[in-house]
There are 2 protein chains.
Amino acid sequence: MSLASPSDTLFCTVDVVLLTLRDQTLHVLLHRRDREPHADAWALPGGFIHTAEDASTWDAAARVLADKTGITSPYLAQLATWSGPGRDPRGWSVSVVYYALVPAHIVPTEHDRLHLCAVAHLPELPFDHAHIVAEAVQRVRTKSVYSSLPVYLCGETFTLPELQAVYEAVLGEPINKVSFRRKVEELAMLEPVPGERQAGGAHRPAQLWRLRPEVRAAWALSLSERGLNSRG
Amino acid sequence: MSLASPSDTLFCTVDVVLLTLRDQTLHVLLHRRDREPHADAWALPGGFIHTAEDASTWDAAARVLADKTGITSPYLAQLATWSGPGRDPRGWSVSVVYYALVPAHIVPTEHDRLHLCAVAHLPELPFDHAHIVAEAVQRVRTKSVYSSLPVYLCGETFTLPELQAVYEAVLGEPINKVSFRRKVEELAMLEPVPGERQAGGAHRPAQLWRLRPEVRAAWALSLSERGLNSRG
DNA sequence: CCAATAGTGTCTCTGAGACACTATACC
DNA sequence: GGTATAGTGTCTCAGAGACACTATTGG
């Protein structure tokens, strides 16, 4: 059977907003474009969907991120979809955008085509990428108020003072220590790691914590749950 | 210039989850499909993007909704995008899904190809439409907790007891009257209409309220703000 | 005056923040 | 013992719900 309205001269891509914390500030990973349009400009890593390899736009985003930056992000979620005839000079385009949160240490060393940039001091970005980054930052801030999202900005294990600093960096305001610990406890998403950690200085060491395995599992499940990964 | 990875045998559609309240229950508008696949099955109204007429997927969703149901919804927002090789038998597909909220009285009389169905008692739906509806309902419930979303399920004007009943229907639980009124007041989104309304019975009539014009304006603005409507 | 619903005043109780305290490391 | 940071006990205050009251209509 043939499509009623065959490919109406439209193309479909994915883009990834990868956010991380550096010097207590949100940074976004930019990639220098290989091709026209806007060749050699800093932009969000993105690319076409490969229908032969990708089982969803989520897969496409993960593949594009890995190909262009070498990163596999433990957290990669859909942000929204942008579209229109004018956003890309090549024609009517649809871009399904994902956002990733990673600890700074897994971002590879920057080089000529890879750059971490503070979200507050972005250069001119091509297409509508500036809007997209702004929306991603807003989403992360909003979700951080009531969820454990920022733990994905930490490494595998972390102390509560570290985690609190991460929350404060994301939200841009100080948090009450007691309230923070109460909140963490009631969310019940963390578990203590048997070991401890010495801060560099001369003081009591802090307990190490990690995300409870069920939580990571639940998050992975929520992907496949929604219709066998068809929700890309 | 040519596309690096030209249209990789993939097609892009929009679907609309139109929700309304009937008998104090959330209902979704289903449309009997005109064509294969799943011809004559009840499904979400949807269709292809027409790059010649649509300036965004938002425009496409509004057009599809108007064409198939005759409805122009005051609230139409992006839900998410579904994708994959298996969700539509015609091949690798991307569907950008929108959700609409309307008062029941603007839904046209049901006929052979148009049907309002309680979200709790959906028939078998083709594609991944059952998942999509579930996600839309969840989104509306979540947003209703902290926003004025449910006012779009009311008509132009309404009484506070009516609005409270709408909130209760959406959230599925009773709300404290005093707290509800405090909340409405602090959100500052409503204004009283000079007139009053008699309930059918013998009792004190209730004040009529409406959404403040600035709020409707702000909502319209938030569309165009994000990059000249490029966020479809 | 009665019934029925609209709308408000106020008490209580829960939860978040402020503050001060204790705990434990290195020097 | 001093200092610095981790972690906790408790007081206070603000906001949400419960309840009871007043207001206003038709009968």
Side-chain angles (χ1 to χ4, degrees), chain A residues 24 141-151 154-155 157-212, chain B residues 24 141-151 154-155 157-212:
Chain A
Q24 299 284 63
R141 294 215 164 108
T142 306
K143 290 199 79 164
S144 294
V145 172
Y146 62 88
S147 79
S148 63
L149 241 207
V151 299
C154 294
T157 62
F158 44 86
T159 68
L160 289 188
E162 278 170 9
L163 183 60
Q164 180 172 350
V166 169
Y167 269 85
E168 290 173 336
V170 170
L171 298 176
E173 58 185 11
I175 303 175
N176 180 277
K177 182 169 60 165
V178 179
S179 303
F180 178 74
R181 283 161 183 263
R182 269 196 295 241
K183 198 76 184 176
V184 165
E185 173 136 18
E186 96 185 15
L187 284 179
M189 304 188 112
L190 303 185
E191 64 183 12
V193 183
E196 286 181 359
R197 169 191 258 177
Q198 279 70 305
H203 54 269
R204 176 175 175 176
Q207 176 66 252
L208 280 178
W209 298 75
R210 65 178 162 225
L211 204 53
R212 290 173 58 202
Chain B
Q24 298 284 64
R141 294 216 164 108
T142 306
K143 290 198 79 164
S144 295
V145 172
Y146 62 88
S147 79
S148 63
L149 242 208
V151 298
C154 295
T157 63
F158 45 84
T159 68
L160 290 187
E162 277 170 9
L163 183 61
Q164 181 172 349
V166 169
Y167 269 85
E168 289 173 337
V170 170
L171 297 175
E173 59 184 13
I175 303 176
N176 181 276
K177 183 169 58 164
V178 179
S179 304
F180 177 73
R181 283 161 181 263
R182 268 196 295 242
K183 198 77 184 174
V184 164
E185 172 137 18
E186 96 185 17
L187 285 180
M189 307 188 109
L190 303 184
E191 64 183 12
V193 184
E196 286 183 359
R197 168 191 258 176
Q198 278 70 305
H203 55 270
R204 177 175 175 176
Q207 176 64 256
L208 280 179
W209 297 75
R210 67 179 161 222
L211 203 54
R212 288 172 60 203

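The figures that follow rest on heavy atoms only: side chains count, while hydrogens, waters and symmetry mates do not. Chain identifiers are assigned alphabetically (A, B, ...) following the order of the sequence lines, protein sequences preceding nucleic acid strands; residue numbering begins at 1 within each chain.
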Inset, instruction - Give the rounded distance in Å between these two atoms: CG of A/Leu163 and P of D/dT5. - result: 19 Å
Inset, instruction - Take atom CZ of B/Arg181 and atom C1' of C/dG7, then tell me their distance rounded to the nearest Å. - result: 5 Å
Legend entry - Donor-acceptor pair (no angle test) under 3.5 Å: B/Lys177 side chain, C/dG7 base: yes
Inset, instruction - Would you mind reading off the distance between A/Arg204 atom CZ and D/dA6 atom C1', rounded to a whole angstrom? - result: 5 Å
Legend entry - Atom-to-atom span, CD of A/Glu185 to C1' of D/dG7 - whole angstrom: 12 Å
Legend entry - Distance in angstrom units between B/His203 NE2 and D/dA23 C1', rounded: 13 Å
Legend entry - From OG1 (B/Thr157) to CG (B/Leu211), nearest 0.5 Å: 12.0 Å
Legend entry - A/Arg210 side-chain N/O to A/Val193 backbone N/O, donor-acceptor pair under 3.5 Å: no
Inset, instruction - Compare the minimum distances between each of C/dC26, C/dG7, D/dA6 and the side chain of A/Ala202, then state the nucleotide with the smallest one. - result: C/dC26
Inset, instruction - Taking the side chain as every heavy atom from C-beta outward, state whether A/Val151 and A/Trp209 have any atom pair closer than 4.5 Å. - result: no
Inset, instruction - Return yes if some donor-acceptor pair links the side-chain N/O of B/Glu168 with the main-chain N/O of B/Ile175 below 3.5 Å, else return no. - result: yes
Legend entry - d(CG, A/Leu208; P, D/dA6) in whole Å: 12 Å
Legend entry - Relative orientation of the end axes in the helix from C/dC1-D/dG27 to C/dC27-D/dG1, expressed as an angle to the nearest 10° (five pairs per end): 10°
Legend entry - From CZ (B/Phe180) to CG (B/Leu163), nearest 0.5 Å: 4.0 Å
Using a cutoff of under 3.5 Å, can you pull out all pairs of nitrogen or oxygen atoms linking the protein to nucleotides 14-18 of chain D, with atom names and distances?
| from | atom 1 | to | atom 2 | distance (Å) |
| --- | --- | --- | --- | --- |
| D/dG17 | OP2 | B/Ser179 | OG | 2.4 |
| D/dG17 | N7 | B/Arg182 | NH2 | 2.7 |
| D/dA18 | OP2 | B/Asn176 | ND2 | 3.3 |
| D/dA18 | N7 | B/Asn176 | ND2 | 3.2 |

Legend entry - Donor-acceptor under 3.5 Å (A/Arg141 side chain, A/Val170 main chain): yes
Inset, instruction - Could you grab the distance from atom NZ of B/Lys183 to atom CG of B/Asn176, nearest 0.5 Å is fine? - result: 12.5 Å
Inset, instruction - Calculate the interatomic distance between B/Leu160 atom CG and C/dT5 atom C1'; express it in whole Å. - result: 13 Å
Inset, instruction - Mind listing the closest non-hydrogen atom pair of B/Ser144 and B/Leu171 along with its distance? - result: CB-CD2, 3.9 Å
Inset, instruction - Kindly give the heavy-atom pair with the smallest separation between A/Ala165 and A/Gln24, and that separation in Å. - result: CB-NE2, 3.5 Å
